[in-house]
Every structure is written in C-alpha cells, then in structure tokens.
Asks: 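What follows is a single structure, and I will ask about it in a moment.
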Amino acid sequence: MIAFVSGPVAALAPDSAVVEVGGIGIAVQCTPGTLSGLRMGRPAKLATSLVVREDSLTLYGFADDDERQVFELLQTASGVGPRLAQAMLAVHAPDALRRAVSTGDEKALTAVPGIGKKGAQKLLLELKDRLGEPTGTGTGVGAPVSVGWRDQLHAALIGLGYATRDADEAVAAVTPQAEATEGTPQVGHLLKAALQTLNRAR
C-alpha cells in the first residue's frame with residue numbers, strides 16, 4: 001500500500017492534485033479543504049489510501065493520517081464507498097464526524113450530498129463504535145485560503161455533483177458570511193454553509 005506521497009505539486013484540479021514523486025506524476029483525489037492547503041510548485045506531503053477496483057486504481061490523499069484513518073473507517077459501513085467517504089470529509093473535519101456520530105446528529109450527516117434521513121440513521125448505528133470520540137486535535141473544517149475562495153467553493157460543489165446554476169446560487173448565498181469573516185475565509189466552513197443552503201432549497 002502507498003502510505004503517503006511527498007514532492008512538489010505539479011498540477012491542481014477541483015478534486016485532485018498531481019504530486020511529482022521521483023520524476024513520476026502521481027494523481028491524488030483530495031477534498032477541497034486538503035487542496036486549499038496546496039500550492040503549485042511547492043513541496044507537499046499527503047497521507048494516502050489506495051482503492052483497488054477491477055478496472056481502476058485510485059489514490060486518495062489527505063492532509064494527515066487522522067483524516068485518512070477516518071476515510072477508511074467510514075468505508076466499513078455498508079453502502080459507503082470511497083466517493084461518499086470523501087464527500088463526508090469534504091463537508092466535515094474528522095472530529096466533526098466523530099462528534100456527529102457520538103451525539104447521534106442526523107442533521108450533520110444529511111448535510112452531505114448523497115445521504116438522506118434513512119441513510120444517516122443507518123450510518124449513525126453502524127459507525128457508533130468504530131469512529132470513537134472526538135480527539136480535540138482538529139482545527140475545524142478545511143484550511144484557510146487567501147485567494148480565490150469563490151472559485152474553489154464553486155469547483156467543490158460541481159465536484160460533489162451539483163449543477164452550475166445551483167453552485168452559483170450557493171456561492172452567492174454564503175458570500176456575506178465570507179466577507180464578514182476576519183482574515184481569510186475557510187473554504188471548508190463555507191462549503192458546509194453552502195450545502196446547508198442547497199438542502200433548504202430542495
């Protein structure tokens with residue numbers, strides 16, 4: 001198994017990064033929060049999880065080992081594949097997911113695209129004894145980003161399967177919140193708020 005990749009960032013896309021390792025470009029699927037901490041040409045080290053399918057090998061990348069561990073634990077629940085596990089981590093930091101599961105917070109899980117009320121109830125039951133209690137080491141959802149938060153947020157929503165028009169409206173809805181933030185807005189927090197506005201609009 002590939003435990004991590006380390007090297008300069010050769011390319012960035014809305015849902016992935018390419019890290020150059022020994023002259024080879026390794027494509028890694030990442031959440032918006034992880035991607036927002038990467039910069040073109042700068043060195044990066046990502047914890048990784050390799051998902052093997054009959055027709056594909058996909059490498060998922062994470063800001064740290066804790067995020068990777070939660071990603072793998074989420075997939076032990078029935079009906080949760082790597083894409084849904086990644087979507088859960090795009091909306092909630094590992095500790096926020098632990099908190100949601102330990103307190104039985106259905107609402108937090110239904111904020112994730114692809115999880116309905118029944119799915120959330122099932123996940124809460126299955127994951128209760130697997131994720132454990134919040135560790136208190138997380139810094140919240142996502143990483144701070146100084147420029148282009150609108151573009152990153154829009155790309156993240158498109159990557160999660162929303163239509164361009166819906167993504168436009170969600171970005172517009174959270175703009176006042178972003179502009180009221182002291183310092184740089186956090187894409188992860190804004191993504192969570194944007195998903196809540198989309199869920200209300202359904």
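Remember, it's a predicted structure, so these values are computed and weren't measured experimentally.
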Asks: Which distance, rounded to the nearest 0.5 Å, do you find between the CG of Leu127 and the NZ of Lys122?
Replies: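 Rounded to the nearest 0.5 Å, the CG-NZ separation comes out at 11.0 Å.
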Asks: Please report the shortest heavy-atom distance between Leu191 and Pro32, naming the atom on each side.
Replies: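 Answer, listing the atom of Leu191 first, then Pro32: CD2-CG, 4.1 Å.
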Asks: Let me confirm one number: the CD-SG distance from Gln86 to Cys30, rounded to the nearest 0.5 Å.
Replies: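 Answer rounded to 0.5 Å: 7.0 Å.
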Asks: With distance as the sole test, does Thr48 use its side chain to make a donor-acceptor pair with the main-chain N or O of Ile2 at under 3.5 Å?
Replies: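 At least one qualifying donor-acceptor pair exists.
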Asks: Hydrophobic cluster membership, with links at side-chain heavy-atom distances under 4.5 Å among I/L/V/M/F/W/Y: are Leu125 and Ile115 in one?
Replies: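 In one cluster: no.
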Asks: Report the C-alpha separation of Thr34 and Val28 in whole Å, then their side-chain angles, then the decisive distance to 0.1 Å, and conclude whether the side-chain contact (heavy atoms from CB on, under 4.5 Å) test is met.
Replies: CA-CA 11 Å; Thr34 298; Val28 189; over 6 Å; no
Asks: Please answer: with hydrophobic residues joined when any side-chain heavy atoms are less than 4.5 Å apart, are Leu12 and Leu59 in the same cluster?
Replies: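 Yes; Leu59 is reachable from Leu12 via cluster members.
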Asks: Is it possible for you to say whether Val80 and Val51 belong to one hydrophobic cluster, with membership spreading through side-chain heavy-atom contacts below 4.5 Å?
Replies: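 Yes; Val51 is reachable from Val80 via cluster members.
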Asks: In sequence, state the C-alpha distance, the side-chain angles, and the governing distance for Leu89 and Phe62, and then conclude on side-chain contact (heavy atoms from CB on, under 4.5 Å).
Replies: CA-CA 10 Å; Leu89 284 164; Phe62 309 94; 4.2 Å; yes
Asks: Are the charged groups of Asp66 and Arg98 less than 4.0 angstrom apart, N to O?
Replies: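 Yes, Asp66 and Arg98 are salt-bridged.
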Asks: Kindly give the heavy-atom pair with the smallest separation between Leu153 and Ala194, and that separation in Å.
Replies: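 Smallest interatomic distance, heavy atoms only, reads CD1-CB, 4.3 Å.
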Asks: So, do Ser49 and Gln29 sit near enough that their side-chain heavy atoms are less than 4.5 Å apart?
Replies: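 Result no, sub-4.5 Å side-chain heavy-atom pair not found.
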Asks: Within a strict 4.5 Å, meaning less than it, do heavy atoms of the Leu109 and Leu124 side chains meet?
Replies: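 The answer is yes; the side chains approach within 4.5 Å.
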Asks: Looking only at non-hydrogen atoms, find the nearest pair between Glu126 and Ser78 and report the distance.
Replies: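 Answer, listing the atom of Glu126 first, then Ser78: OE2-OG, 2.6 Å.
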Asks: Pair Thr76, Arg130 - check side-chain hydrogen bond (donor to acceptor under 3.5 Å, both in side chains), show working.
Replies: CA-CA 9 Å; Thr76 64; Arg130 299 181 196 178; 2.9 Å; yes
Asks: Any side-chain heavy atom of Val9 sitting closer than 4.5 Å to one from Arg39?
Replies: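 Val9 does not reach Arg39 side chain to side chain.
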Asks: May I ask you to decide if Ala13's main-chain N or O and Ser16's side chain share a donor-acceptor pair within less than 3.5 Å?
Replies: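 Side chain of Ser16 to backbone of Ala13, a donor-acceptor pair under 3.5 Å: no, none is there.
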Asks: Could you report the tightest heavy-atom contact between Val91 and Pro113, atom names first, then the distance?
Replies: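 Looking at all heavy atoms of both residues, the shortest contact is CG2-CD, 4.3 Å.
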Asks: Quick one: does Leu46's side chain get under 4.5 Å of Leu38's, heavy atoms only?
Replies: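 In short, these two side chains touch, coming nearer than 4.5 Å.
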Asks: side-chain contact (heavy atoms from CB on, under 4.5 Å) with Leu73: which residues, sequence neighbours excluded?
Replies: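 Here the qualifying residues are Gln69, Leu131.
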Asks: Examine Phe71 and Leu57 and state if one hydrophobic cluster contains both, with Ile, Leu, Val, Met, Phe, Trp and Tyr joined whenever side-chain heavy atoms are less than 4.5 Å apart.
Replies: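 Cluster IDs for Phe71 and Leu57 differ.
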Asks: List the steps and the verdict of side-chain contact (heavy atoms from CB on, under 4.5 Å) for Asp105 and Arg99.
Replies: CA-CA 8 Å; Asp105 187 353; Arg99 201 171 298 111; over 6 Å; no
Asks: Hey, are the side chains of Thr58 and Leu50 touching, using non-hydrogen atoms and a 4.5 Å cut-off?
Replies: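 With C-beta onward as the side chain, the pair stays apart.
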Asks: Would you confirm whether Ser56, through its side chain, and Val52, through its main-chain N or O, come within 3.5 Å as a donor-acceptor pair?
Replies: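 No, because the side chain of Ser56 does not come within donor-acceptor range (under 3.5 Å) of the backbone of Val52.
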Asks: To the closest 0.5 Å, what do you measure between CD (Glu67) and OH (Tyr60)?
Replies: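 It comes to 13.5 Å.
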Asks: Hey, is the main chain of Ser102 close enough, under 3.5 Å, to the side chain of Lys128 for a donor-acceptor pair?
Replies: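 Flag set: sc Lys128 to bb Ser102 pair under 3.5 Å.
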Asks: Are Phe4 and Val70 linked, directly or through other ILVMFWY residues, by side chains that come within less than 4.5 angstrom of each other?
Replies: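 Looking at the clustering, Val70 is in a separate group from Phe4.
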Asks: Is there a side-chain contact between Met88 and Leu123 in this structure, where contact means two heavy atoms from C-beta onward sitting under 4.5 Å apart?
Replies: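 Yes, side chains in contact.
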Asks: With no hydrogens and no angle check, is any side-chain donor or acceptor of Arg68 less than 3.5 Å from a backbone partner on Asp64?
Replies: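 Not at all, since once roles are kept as given, no pair shorter than 3.5 Å links the two residues.
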Asks: Of all heavy-atom pairs between Ala17 and Leu35, which one has the smallest distance, and what is that distance?
Replies: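 Smallest heavy-atom distance, with atoms named: CB-CD2, 3.9 Å.
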Asks: In sequence, state the C-alpha distance, the side-chain angles, and the governing distance for Leu190 and Val171, and then conclude on side-chain contact (heavy atoms from CB on, under 4.5 Å).
Replies: CA-CA 8 Å; Leu190 295 174; Val171 171; over 6 Å; no
Asks: Rounded to the nearest 0.5 Å, how far apart are NE2 of His92 and NZ of Lys192?
Replies: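 His92 atom NE2 to Lys192 atom NZ measures 5.5 Å (nearest 0.5 Å).
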Asks: Just so I know, are the side chains of Pro8 and Met40 near enough to count as touching, which here means a heavy-atom distance under 4.5 Å?
Replies: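 No, side chains not in contact.
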Asks: Of all heavy-atom pairs between Thr197 and Ala173, which one has the smallest distance, and what is that distance?
Replies: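 Heavy-atom minimum between the residues: CG2-CB, 4.1 Å.
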